[in-house]
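In what follows, a single structure is set out as structure tokens and then discussed.
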Amino acid sequence: MSRRGDELQNKGARGKRRAAAERADAPAPKGSGPGKGAPPPRWRVWLKRLFIWGGALAALALVFLGFAVGFAASSLPDYATLKATQPGQTILVRARDGRELVEIGPSFGEWLTYEDIPENMTNAMIAVEDKRFRSHLGVDPVRLTGALIEGLTGSRERLGGTSTITQQLARNLFLNNNRSLDRKAREAVLAMALEWKFSKEQILELYLNKVYFGGGAYGIDSASRKFFSHPATELNVGEAAIIAGLVKAPSSYSPTADVEAAVGRAKVVLGLMREQSYITADQAQVDVSAVQLKQDAGQNSVRYFTDWVLPQLDIILPETYEPIEVWTTLDIGMQRAATAAIEANTPKGAQGALVSLDRDGAILAMVGGTDYVASNYNRATAALRQPGSAWKLFVYLAALEAGYVPEDKVVDTPVTIDGWSPRNSNGRNVGETDLRTAFAYSINTVAAQLGNEVGFGTVASMARRFGVNSKIDTFPSMVLGSSEMRVIEMTQAFAGIAAKGVPVEPYGITKVTGASGEVLYKREAQRQSPAVPDHVVKGITDLLQAAVQTGTGKAADIGRPVAGKTGTTSSNKDGWFIGFSSGVTTGVWMGRDDAKAVAGLQGGRAPAQAFAAYMRYAVKDRPVEQFDVTLELPEWQLEPDQEALFGEPEDYYYIDEQGNMVQPGTQAPDGERDPDAPPAASRDFLEEATGGSLPQNQRPQRRPAQQPPGQPPQ
């Protein structure tokens, strides 16, 4: 029964299939066709689905974007916080007289409200940077498309103008300048968040007060003061166009760097302003003569000084990020004179350096090379060079302290010390001379003998007393300046002589003040004791003055008393002159950075000439000061040690067990000597001790007492 049923069911199914096939093969009825009851094509189905899903995804993306923008807007700081935020610390460096030397870091002018900003300025910025600023929601679809293409293709052809003003503000406030697609997306979200939270006027106010215009200037007021020497409230149309044109490339269109490029860019801005009906055709021109560009009064050599002095702030100040003003010791006029002296006198192909100190160590001028732009290496504070005969200052100081005086006789003769045989620059020896002449004419053999006599370690110790910190070798050749020194420390040592033997410490900062004027640091006067006795200072000053008056430093004469010393190394690789007058001490060095010989370079020529050229200006307003070179020798140099201590030969003193001096015999209660008291020692002992038992011609002879120069023997 069931089998029969299955057969009937199969026959029925086959019949239905045949009927369907016959209907499919039959011709279509008249008037029928696609769309009349037939299913739609497959591509149309997929297109419909794409629109549906695309719309859904777009709606979802918009919802997500809305949440992202809303969250970003709620996370943004308030307007006051954004207004107060500054990108870095500003350091204003002032000269000795308070004038501005240089400003390091970002510069901010006065904050201008939207109402105070000239309309020409806002119109110029909108015209060149974002002509649809008033209508978009933070992102311009046209610009966004360009940014997306740039991010996907890596092309740099669309870099100009891909961001709106709001996007630029978002980037400046919160992001960096990398070109990734991720950064562009975050920039867009933040831009819309800014538009959500703040008005167009607030965004423009933030932007125009914070955008970078080059030269360290942030904001239109800072840029106006830097480039035109007046506040931004006084900007005319042409000046506004120049400033607006800077945003694209501040370094390329800076009016202080390239006036023609700045004016050319400004013409583009004015053309856009005319197209957008902000100005008339008559206004769309830049009259260069009407634009008063600020003259750059700076001098690049000042940067040698600021590069040296500003790192010291890390030591003398607590950590701070507020704007500060640094008051320094640099004299603008002296700095110009020093720069001119080095540029005019340095031999071709060589470099020059100069350091000038006041009597307390204040740096008045510093030049580290012939051109800071070409080379910012500071040869005045960093370069180690052999000082040559300028080093003899320490040799003769040690000799004077050991008992020599300028009139003492010395002998210029060939000498060999531990296998080293120095020779004089002229190859000759003059025989007997005096100490003053030997120093004035820089006789090498005499310096070698003096150094050997007092000890090379003693010479090195003398240099240390006057502030020399560089490594000093104690080989015999050190007396001729074989150890390498810095210009600043050699000048420091000579300044100690000018300061009556009191060592000085070079310094460049007198005080530092904060944004509100409070004093963050003030230098206190340093107290130091003389490094050598007064008669040694007078003696070396005598020698240094003779070197200028009659010796190798004649070219350093400036018409008033000058004391100084030349220095020249082998093959003319280094030339030095260091000296002082009227309280100003100046050191000059010249040579090549590669230490190759410079034809004709001698300390008594170009360096001494540069010294004189600078010092004529440096001391012109100071009174003439005569050097005190009158030696008053101490008692220990005026008479022999044993006679100064023990008196006449007929008296005899001895030391008791407690180390006290006891006169012959015993003493009376009133302290006077008792003539009837027994002697302190037997006659035999006294005879032997004083040589009384010897024949007269074999007894010890008294040395004649030395007398001050010019005094008749007594």
Self-check item: Option passing side-chain contact (heavy atoms from CB on, under 4.5 Å) with L480 (candidates P422, P387, S442)
Solution: P422
Exercise. For A448 and V479, work out which heavy atoms get closest and say how close.
Key: CA-CG2, 3.8 Å
Practice problem: May I ask you to decide if A232's main-chain N or O and D221's side chain share a donor-acceptor pair within less than 3.5 Å? | Solution: yes
Quiz prompt | L310 vs I509, side-chain contact (heavy atoms from CB on, under 4.5 Å): CA-CA, chis, key distance, verdict | solution = CA-CA 9 Å; L310 290 181; I509 299 175; 5.7 Å; no
Exercise. Look at the side chain of R265 and the backbone N and O of G245, then say whether any donor-acceptor pair between them is shorter than 3.5 Å.
Key: yes
Quiz item: Hey, what do you get for CG (N300) to OG1 (T339), rounding to the nearest 0.5 Å?
Solution: 7.5 Å
Quiz prompt | From CA spacing to verdict: side-chain contact (heavy atoms from CB on, under 4.5 Å), T510, R96 | solution = CA-CA 9 Å; T510 57; R96 190 182 187 89; over 6 Å; no
Practice problem: Name all residues meeting the side-chain contact (heavy atoms from CB on, under 4.5 Å) criterion together with L173; count only those two or more places apart in sequence or in a different chain, and write none if there are none. | Solution: L82, L169, K210
Quiz item: Which residue, L313, T513, V512, forms the side-chain contact (heavy atoms from CB on, under 4.5 Å) with Y521?
Solution: V512
Quiz item: Under the 3.5 angstrom rule, does the side chain of T329 hit a backbone N or O of I363 as a donor-acceptor pair?
Solution: yes
Quiz item: Are M478 and W391 close enough that some pair of their side-chain heavy atoms sits under 4.5 Å apart?
Solution: yes
Practice problem: Evaluate the criterion side chain to side chain donor-acceptor pair (under 3.5 Å) for residue pair Q335 and S301; output intermediate values, then yes/no. | Solution: CA-CA 8 Å; Q335 182 68 20; S301 70; 3.0 Å; yes
Quiz item: Does the side chain of Y372 come under 3.5 Å of the side chain of D307 through a donor N or O and an acceptor N or O?
Solution: yes
Practice problem: Count the heavy atoms of every other residue, nucleotide or ligand shown that sit under 6.0 Å from NZ of K538, and state whether that count exceeds 12. | Solution: yes
Quiz item: Using a distance-only test with no angle check, is there a side-chain donor-acceptor pair under 3.5 angstrom linking S224 and E239?
Solution: no
Quiz prompt | Any donor-acceptor N/O pair, Q526 side chain to E524 backbone, under 3.5 Å | solution = yes
Practice problem: Apply side-chain contact (heavy atoms from CB on, under 4.5 Å) to the pair W576 and M590, showing each step before the final yes or no. | Solution: CA-CA 7 Å; W576 296 70; M590 293 178 184; over 6 Å; no
Quiz item: To the nearest 0.5 Å, what is the distance between CD (Q545) and CZ (F439)?
Solution: 12.0 Å
Quiz item: Quick one: are E110 and P231 in side-chain contact, heavy atoms under 4.5 Å?
Solution: no
Self-check item: Donor-acceptor contact below 3.5 Å, side chain D473 vs main chain F475
Solution: no
Self-check item: Pairing residues for E325 by the salt bridge (Lys or Arg N to Asp or Glu O under 4.0 Å) criterion, not counting sequence neighbours
Solution: R94
Quiz item: Taking 4.0 angstrom as the limit, do D628 and K500 come out as a salt bridge?
Solution: no
Quiz item: Are F494 and F580 an aromatic pair by the rule of ring centers under 6.0 Å?
Solution: no
Practice problem: Could you walk me through whether N444 and K392 pass side-chain contact (heavy atoms from CB on, under 4.5 Å), step by step? | Solution: CA-CA 9 Å; N444 291 338; K392 291 175 183 174; 2.6 Å; yes
Self-check item: Exercise: identify the closest heavy-atom pair between T370 and A350
Solution: CG2-O, 4.2 Å
Practice problem: Return yes if a side-chain donor-acceptor contact under 3.5 Å exists between S356 and Y614, otherwise no. | Solution: yes
Practice problem: List the steps and the verdict of ring-ring contact (aromatic ring centres under 6.0 Å, His included) for Y218 and F213. | Solution: CA-CA 6 Å; Y218 285 82; F213 292 102; 8.9 Å; no
Practice problem: Evaluate the criterion side chain to side chain donor-acceptor pair (under 3.5 Å) for residue pair Q386 and S482; output intermediate values, then yes/no. | Solution: CA-CA 6 Å; Q386 292 182 342; S482 60; 5.7 Å; no
Practice problem: Please answer whether the main-chain N or O of T458 pairs with a side-chain N or O of S461 as donor and acceptor at a distance below 3.5 Å. | Solution: no
Practice problem: Mind checking the CH2-CD1 spacing from W111 to I220? Nearest 0.5 Å is all I need. | Solution: 10.0 Å
Quiz item: Would you say Q492's side chain and V504's backbone share a donor-acceptor pair under 3.5 angstrom?
Solution: yes
Quiz item: Between L330 and A95, what is the shortest heavy-atom contact and its length?
Solution: O-CB, 3.4 Å
Quiz prompt | Gap separating the CD1 atom of I578 from the CG atom of L354, nearest 0.5 angstrom | solution = 10.5 Å
Quiz item: Under a 4.0 Å N-O cut-off, is there an ion pair linking R359 with E625?
Solution: yes
Practice problem: Describe, in one word, how the ring planes of W308 and F305 are oriented to each other, choosing from parallel (under 30°), tilted (30 to 60°) and perpendicular (over 60°). | Solution: tilted
Self-check item: Pairing of R622 and D358 as salt bridge, 4.0 angstrom limit
Solution: yes
Exercise. Calculate, to the nearest 0.5 Å, the distance between atoms CG and CD1 belonging to N469 and I488 respectively.
Key: 11.0 Å
Quiz prompt | Nearest atoms (heavy-atom pairs only) where A531 meets E401 | solution = O-OE2, 4.5 Å
Practice problem: Report yes or no: does T568 contribute a side-chain atom to a donor-acceptor pair with the main-chain N or O of G603 at less than 3.5 Å? | Solution: yes
Quiz item: Minimum heavy-atom separation for R379 to V487, with atom names?
Solution: O-CG2, 3.8 Å
Quiz prompt | Closest approach of A438 to V446 (non-hydrogen atoms, all atoms of both residues) | solution = CB-CG1, 3.8 Å
Quiz item: Taking T566 for the side chain and T552 for the main chain, is one N or O donor matched with an acceptor at less than 3.5 Å?
Solution: no
Quiz item: Is there a donor-acceptor pair closer than 3.5 Å between any side-chain N or O of D360 and the backbone N or O of A362?
Solution: yes
Exercise. Drop me the distance from L544's CG to L393's CG, to the nearest 0.5 angstrom.
Key: 6.0 Å
Quiz item: So, T381 and R486: side-chain donor and acceptor under 3.5 Å apart, yes or no?
Solution: no
Quiz item: Under a 4.0 Å N-O cut-off, is there an ion pair linking R225 with E234?
Solution: no
Exercise. Could you tell me whether K620 sits above the aromatic face of Y617, with NZ or CZ closer than 6.0 angstrom to the six-membered ring centre and within 45 degrees of the axis?
Key: yes
Quiz item: Quick one: side-chain contact (heavy atoms from CB on, under 4.5 Å) partners of R605, sequence neighbours excluded?
Solution: Q602
